[in-house]
Amino acid sequence: MSNYSPLIDELIDALRCLPGVGPKSAQRISFQLLERNRGGAQRLSEALHNAVENVGHCRSCRTLTEDPECRLCRDPRRDQHTICVVESPADVLAFEQGGDYRGLYFVLMGRLSPIDGIGPEDIGIDRLVERVQALNVSELILATNPTVEGEATAFYIAEEMRRLGVAVSRIAHGVPLGGELEYVDSGTLSHALKGRQRFE
Amino acid sequence: MTARIEGQPAYVLHLRAYRDSSAIIDLFSRDYGYLSVVAKGLKSSSKSRQQWRAALQPGNLIQVSWQGRSELKTLVDAQLNSTFPLRGNALYCAFYINELLGRLLQPFDPQAEVFKLYGRSLLELSSGSRVEPILRSFELTLLTELGYGVDFSPIESAPEAYFIYDPEHGFCQVSASMDAHQKAFSGHLLQQLARAEWDADTLKVAKRLNRLILAPLLGDRPLNSRKLFLRQYSD
């Protein structure tokens with residue numbers, strides 16, 4: 001039984017959809033906003049409303065954007081013949097923070113998960129194939145996560161690309177920078193060993 | 001049911017995200033059979049959770065500890081024991097095998113022989129052998145072990161005859177005048193199949209037969225992992 005009025009209850013309940021927010025935190029956030037920061041609350045509510053109303057998927061790479069085509073896809077300085085395939089928009093951000101990659105992206109918004117019924121049509125493979133053909137791509141980089149499902153996804157895409165005659169590469173798996181070998185799991189170490197490079 | 005189990009060998013069948021940072025993992029353990037555990041805070045960047053993430057990939061053999069009194073257990077520890085280097089097509093097959101086990105095994109029903117069969121099948125898949133004989137043997141042995149085995153005895157005396165399979169009555173001999181190519185199985189091929197002598201014909205027969213036996217067990221929910229094969233290898 002709740003002790004609050006319906007509007008406050010609704011707010012507390014709604015806040016619980018946020019990751020990491022349980023009933024207690026939801027209550028704390030609600031009171032913080034209502035008691036001390038009405039301006040911030042107004043801004044949050046407008047930002048949330050606008051984003052939910054307007055943000056969709058880029059028609060080229062499927063990442064989240066309010067434009068029909070995202071900023072990266074529109075940028076003429078990006079290498080139009082290389083596409084890096086990632087699982088989520090957060091992965092695009094991770095690559096962009098690195099700053100080494102100058103090509104385009106394709107965001108699957110998930111990965112193949114055969115047992116959960118997530119198939120190729122759910123992760124936009126048809127769109128990827130169309131895009132690769134339209135741009136006359138010379139290299140497709142597979143940057144799905146190094147999990148079993150990520151590998152299955154990479155393999156599936158590689159097979160599709162093989163039919164199109166497009167060169168496919170997979171990002172290396174290995175030891176993290178600043179890591180200590182004794183703490184690295186054996187699977188990663190064996191990948192790192194297999195993928196070793198000539199030392200120059 | 002015992003509250004805490006330590007160091008149990010188990011295969012990881014499936015992992016799905018649960019709440020913000022946790023996951024529910026379906027395991028096939030040696031002594032306790034099929035069960036699900038929740039791995040709390042799996043996405044955290046701590047050392048122990050990084051090890052869990054590496055260990056809890058489908059197909060891995062792990063040493064696992066869990067506790068809890070409800071049917072969904074809480075994972076206490078997971079150590080990687082061995083991993084099978086499955087790639088490509090063999091990986092799709094492993095998904096299929098995992099899904100099949102998830103659908104047919106009963107929770108907390110130990111199946112020591114199926115446990116061995118699973119390990120053997122993954123090893124064969126990772127060795128790069130042809131996948132069809134591995135899958136068909138797996139299905140037939142699994143069905144036998146779970147008590148849905150096929151009785152091949154009606155065929156032994158009549159290799160020249162034709163048979164139809166009925167989930168309730170098993171093999172029934174049919175007259176040669178019946179349309180043999182549509183529904184009936186040749187006794188000769190069934191004998192080969194019973195001896196696991198695989199060639200293109202027996203593999204086809206085994207596929208059709210296993211589908212017939214599996215259909216009532218799977219009900220109206222088809223196996224999802226089949227779709228992947230259908231799409232990529234249909235042309």
Side-chain angles (χ1 to χ4, degrees), chain A residues 16-22 25-26 87-88 90 110-123 125-126 129 142 144-163 168 170 173 175-176 179-180 182-194, chain B residues 12-17 19-24 26 41 43-45 47-48 50-60 78-103 221-233 235:
Chain A
R16 292 187 56 192
C17 74
L18 295 171
V21 174
S25 313
E87 290 183 13
S88 76
R111 68 198 78 90
L112 285 182
S113 182
I115 296 181
D116 294 324
I118 298 173
E121 60 282 359
D122 302 304
I123 57 171
I125 299 294
D126 293 337
V129 168
L142 293 168
T144 52
N145 288 328
T147 59
V148 166
E149 288 176 349
E151 287 299 326
T153 310
F155 176 78
Y156 190 93
I157 296 172
E159 285 285 287
E160 298 281 310
M161 292 303 128
R162 200 168 48 83
R163 293 184 204 188
V168 176
R170 177 93 172 99
H173 311 318
V175 183
E180 291 179 44
E182 63 171 311
Y183 296 117
V184 173
D185 69 276
S186 54
T188 305
L189 262 187
S190 82
H191 269 297
L193 194 61
K194 267 186 225 147
Chain B
V12 179
L13 296 185
H14 186 50
L15 179 146
R16 58 187 180 280
R19 300 221 172 128
D20 301 336
S21 62
S22 304
I24 292 178
D26 298 332
K43 285 184 191 159
S44 125
S45 57
K47 277 253 142 69
S48 75
Q50 280 180 15
Q51 281 189 350
W52 281 17
R53 284 202 297 272
L56 295 172
Q57 290 296 316
N60 282 353
Q79 300 284 337
L80 183 63
N81 188 324
S82 52
T83 178
F84 298 89
L86 294 167
R87 286 191 56 85
N89 205 4
L91 189 54
Y92 296 172
C93 294
F95 280 124
Y96 169 72
I97 285 182
N98 286 0
E99 189 177 18
L100 198 58
L101 282 182
R103 294 284 288 278
R221 275 198 305 147
L223 291 170
N224 284 321
S225 41
R226 267 183 199 156
K227 291 182 202 152
L228 211 53
F229 286 101
L230 289 180
R231 187 171 145 137
Q232 194 139 46
Y233 296 101
D235 47 27

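All values reported here derive from a predicted model rather than from experimental measurement. Naming convention: chains lettered A, B, ... in sequence-line order (proteins, then strands); numbering from 1 in each chain.
- Relative orientation of the A:H173 and A:H191 rings is perpendicular, given thresholds of 30° and 60° on the angle between their planes.
- B:R53 contributes a side-chain N or O that, together with a main-chain N or O of B:S44, makes up a donor-acceptor pair within less than 3.5 Å.
- Per-residue counts of heavy-atom pairs under 4.5 Å with chain B were compared for A:P146, A:A152, A:G119; the largest is that of A:A152.
- Between B:R226 and B:E99, no side-chain nitrogen of the basic residue sits less than 4.0 Å from a carboxylate oxygen of the acidic one, so the salt-bridge criterion is not met.
- In this structure B:R16 satisfies the salt bridge (charged side-chain N to carboxylate O under 4.0 Å, His left out) test together with B:D26, sequence neighbours excluded.
- With contacts defined as side-chain heavy-atom distances shorter than 4.5 Å, the pair A:D116/B:N224 does not qualify.
- Neither the backbone nor the side chain of A:V184 comes within contact range of chain B; no heavy atom of the residue lies under 4.5 Å from a heavy atom of that chain.
- Heavy atoms closer than 4.5 Å to chain B are found nowhere in A:I118, neither backbone nor side chain.
- Within the 4.5 angstrom heavy-atom criterion, atoms from both the backbone and the side chain of B:N98 approach chain A.
- Counting heavy-atom pairs closer than 4.5 Å to chain A, the top-ranked of the candidates B:R87, B:R103, B:Q51, B:Q57 is B:Q57.
- Within the 4.5 angstrom heavy-atom criterion, only side-chain atoms of A:S113, from C-beta onward, approach chain B.
- Residue B:L223 does not touch chain A at all, counting heavy-atom pairs closer than 4.5 Å.
- Using a 4.5 Å cut-off on side-chain heavy atoms (C-beta onward), B:I24 and B:H14 make no contact.
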